[in-house]
Number of protein chains: 2
Amino acid sequence: MNLSKVQAVISKRFDVLNAYGMGFNDFVILYLLQQAPAGKMRRIDLADKIGITASGITRLLLPMEKVGWVSRESNERDARVSYVVLSPAGRQLFEDSKTTADDLALEIVPRGKSKNCKALTELLSGMGGNII
Amino acid sequence: MNLSKVQAVISKRFDVLNAYGMGFNDFVILYLLQQAPAGKMRRIDLADKIGITASGITRLLLPMEKVGWVSRESNERDARVSYVVLSPAGRQLFEDSKTTADDLALEIVPRGKSKNCKALTELLSGMGGNII
DNA sequence: GACATATACTTGACTACTCAACGATTATGC
DNA sequence: GCATAATCGTTGAGTAGTCAAGTATATGTC
């Protein structure tokens with residue numbers, strides 16, 4: 001229950017990202033793509049990583065494709081999969097928004113407690129499987 | 001980001017509570033009411049505790065009132081406030097669902113790590129204000 | 001005692017998802 | 001080879017919230 005509340009409170013604070021026209025999960029998507037090899041991932045892997053469903057990903061990516069932050073690419077070996085590819089505009093947007101996000105993260109993590117965060121992350125991993 | 005994912009994964013597992021016709025936040029509401037003095041709370045305090053907005057609470061409670069788990073009570077001193085009161089049926093439902101929730105919690109918390117949970121809770125408190 | 005401001009709650013319009021069902025494609029067992 | 005099963009993605013319909021605006025009441029100031 002605590003987890004649920006803290007997540008709600010924190011993700012609400014990340015609404016500052018609205019200034020860039022994106023929500024929290026949009027930011028996470030850009031983050032994951034930016035550090036993925038070749039800047040691309042399968043849609044379903046993206047969904048699993050952030051903890052939403054395949055249909056959730058379809059709906060989240062729709063507006064992101066429309067404004068050109070990401071684009072679509074197919075796999076020649078397997079016609080079922082389609083990749084999400086980070087566009088240059090998307091990469092630039094991530095760089096810009098990252099500084100805002102970093103500042104906010106510093107505000108949120110209690111001062112001098114960043115060490116404990118490692119322990120927290122491990123415990124969280126044990127609870128929810130492998131995370132980002 | 002890890003927090004956000006783990007919360008998504010865990011709250012999805014709590015969908016077993018659907019068997020009782022309730023969602024995760026319904027359970028949290030019953031929990032809070034059940035341990036509140038006189039089994040009642042102001043709507044806004046309830047909202048703050050679980051980390052949603054006043055309008056969110058209105059909409060969450062609507063079906064819960066309809067099926068009779070909670071009822072409404074007004075304050076004689078202040079006509080603005082309305083209390084949420086746990087009904088006997090609601091209390092019974094909480095008792096029933098609690099065993100299911102407890103079992104699930106035991107599954108989720110990694111074995112032998114329950115001690116670390118205390119530390120986790122403290123850290124979370126530092127991040128999101130006073131929790132439950 | 002009148003006015004400005006703050007608080008408690010609800011409502012309309014919206015967003016960000018969920019699930020269940022489906023179509024398309026690929027993998028597996030025999 | 002071929003049936004069966006599994007995987008990837010999309011879609012329709014629904015849920016659980018959000019925000020902005022509005023109503024009603026309370027409180028502080030002068």
Side-chain angles (χ1 to χ4, degrees), chain A residues 1 4-5 7-29 40-67 70-85, chain B residues 4-5 7-30 40-67 70-85:
Chain A
M1 294 191 284
S4 164
K5 178 182 175 177
Q7 197 276 331
V9 170
I10 291 184
S11 99
K12 224 164 283 174
R13 294 197 58 184
F14 268 93
D15 282 358
V16 293
L17 292 174
N18 287 340
Y20 298 94
M22 57 167 126
F24 179 69
N25 270 340
D26 296 315
F27 179 78
V28 178
I29 287 173
K40 68 180 182 182
M41 288 179 76
R42 300 191 318 164
R43 303 168 93 77
I44 202 160
D45 293 334
L46 211 39
D48 285 347
K49 279 277 190 195
I50 70 180
I52 64 174
T53 61
S55 68
I57 266 291
T58 296
R59 299 195 143 97
L60 259 180
L61 289 178
L62 218 75
M64 297 180 73
E65 287 169 359
K66 216 168 256 176
V67 296
V70 298
S71 58
R72 203 175 267 262
E73 195 179 297
S74 56
N75 182 331
E76 357 169 271
R77 301 279 172 102
D78 189 336
R80 289 170 305 180
V81 333
S82 95
Y83 288 102
V84 192
V85 191
Chain B
S4 163
K5 179 183 174 177
Q7 197 276 333
V9 169
I10 291 184
S11 99
K12 222 164 287 174
R13 294 197 58 185
F14 269 92
D15 283 357
V16 291
L17 293 173
N18 288 340
Y20 299 93
M22 57 167 123
F24 179 69
N25 271 341
D26 296 316
F27 179 78
V28 179
I29 287 174
L30 293 182
K40 68 180 183 182
M41 288 179 75
R42 299 191 318 161
R43 303 169 91 78
I44 202 156
D45 294 334
L46 210 41
D48 285 347
K49 279 278 189 196
I50 70 181
I52 65 175
T53 61
S55 68
I57 266 290
T58 297
R59 299 198 143 95
L60 260 179
L61 289 178
L62 217 75
M64 295 180 73
E65 286 168 359
K66 215 168 257 176
V67 297
V70 298
S71 59
R72 202 176 268 261
E73 196 179 297
S74 56
N75 183 331
E76 0 171 87
R77 301 278 172 104
D78 190 337
R80 290 171 305 179
V81 334
S82 95
Y83 288 103
V84 192
V85 190

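The chains referred to below are lettered A, B, ... by the order of the sequence lines, with proteins before strands, and numbering in each begins at 1.
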Between [atom2] on [N] and [atom1] on [X], what's the gap in Å once rounded to a whole number?
X     : N      : atom1 : atom2 : result
B/Q7  : D/dA16 : CD    : P     : 14 Å
B/I29 : D/dA16 : CD1   : P     : 11 Å
A/N18 : C/dC14 : CG    : P     : 17 Å
A/R42 : C/dT26 : CZ    : P     : 13 Å
A/E73 : D/dC8  : CD    : P     : 17 Å
A/K12 : D/dC19 : NZ    : P     : 6 Å
B/I52 : D/dA16 : CD1   : P     : 11 Å
A/L46 : D/dC8  : CG    : P     : 14 Å

Completion exercise
Per the under-4.0 Å heavy-atom filter, residues of residues 60-67 of chain B near DNA chain C come out as none
Just verifying a value: how many Å separate [X] [atom1] and [Y] [atom2], rounded to the nearest 0.5 Å?
X     : Y     : atom1 : atom2 : answer
B/I57 : B/I44 : CD1   : CD1   : 9.5 Å
B/E73 : B/Y83 : CD    : OH    : 8.0 Å
B/L30 : B/N25 : CG    : CG    : 11.0 Å

Problem - Steps toward side-chain contact (heavy atoms from CB on, under 4.5 Å) verdict (A/V70, A/E65) - result: CA-CA 5 Å; A/V70 298; A/E65 287 169 359; 3.8 Å; yes
Tell me which nucleotide among [options] gets nearest to the side chain of [X].
X     : options                : result
A/A79 : D/dC19, C/dT25, D/dT25 : C/dT25
A/R43 : D/dA6, C/dC9, D/dT10   : D/dT10
A/D78 : D/dA26, C/dT11, C/dT26 : C/dT26

Problem - Check: B/T53 side chain, D/dC19 base, donor-acceptor under 3.5 Å - result: no
Handout entry: D/dG12 base / A/R59 side chain donor-acceptor hit below 3.5 Å
Key = yes
Exercise for the section: Select from A/R77 and A/G51 the residue whose nearest nucleotide in DNA chain C is closer to the 5' end of that strand. Expected result: A/G51
Handout entry: DNA chain C: 5'-proximal contact among A/S55 and A/G23 (nearest heavy atom)
Key = A/G23
Problem - pair B/R43-B/R72: side-chain heavy atoms closer than 4.5 Å - result: yes
Exercise for the section: Please check the phosphate of D/dG17 (OP1 and OP2 only) for any side-chain N or O of B/N25 closer than 4.0 Å. Expected result: yes
Fill in the blank from the handout: When A/R80 and A/D15 are each assigned the nearest nucleotide of DNA chain D, the 5'-most assignment goes to A/R80
Problem - Under the ring-ring contact (aromatic ring centres under 6.0 Å, His included) test, residues paired with B/Y20 that sit two or more places apart - result: none
Practice task
Scan A/S82 against the nucleic acid and name what it touches under 4.0 Å (heavy atoms): base, sugar-phosphate only, or nothing.
Solution key: sugar-phosphate
Handout entry: Donor-acceptor contact present, side-chain A/K49 to main-chain A/V28, <3.5 Å
Key = no
Problem - Side-chain donor or acceptor of B/D48 paired with backbone N/O of B/D45 under 3.5 Å - result: no
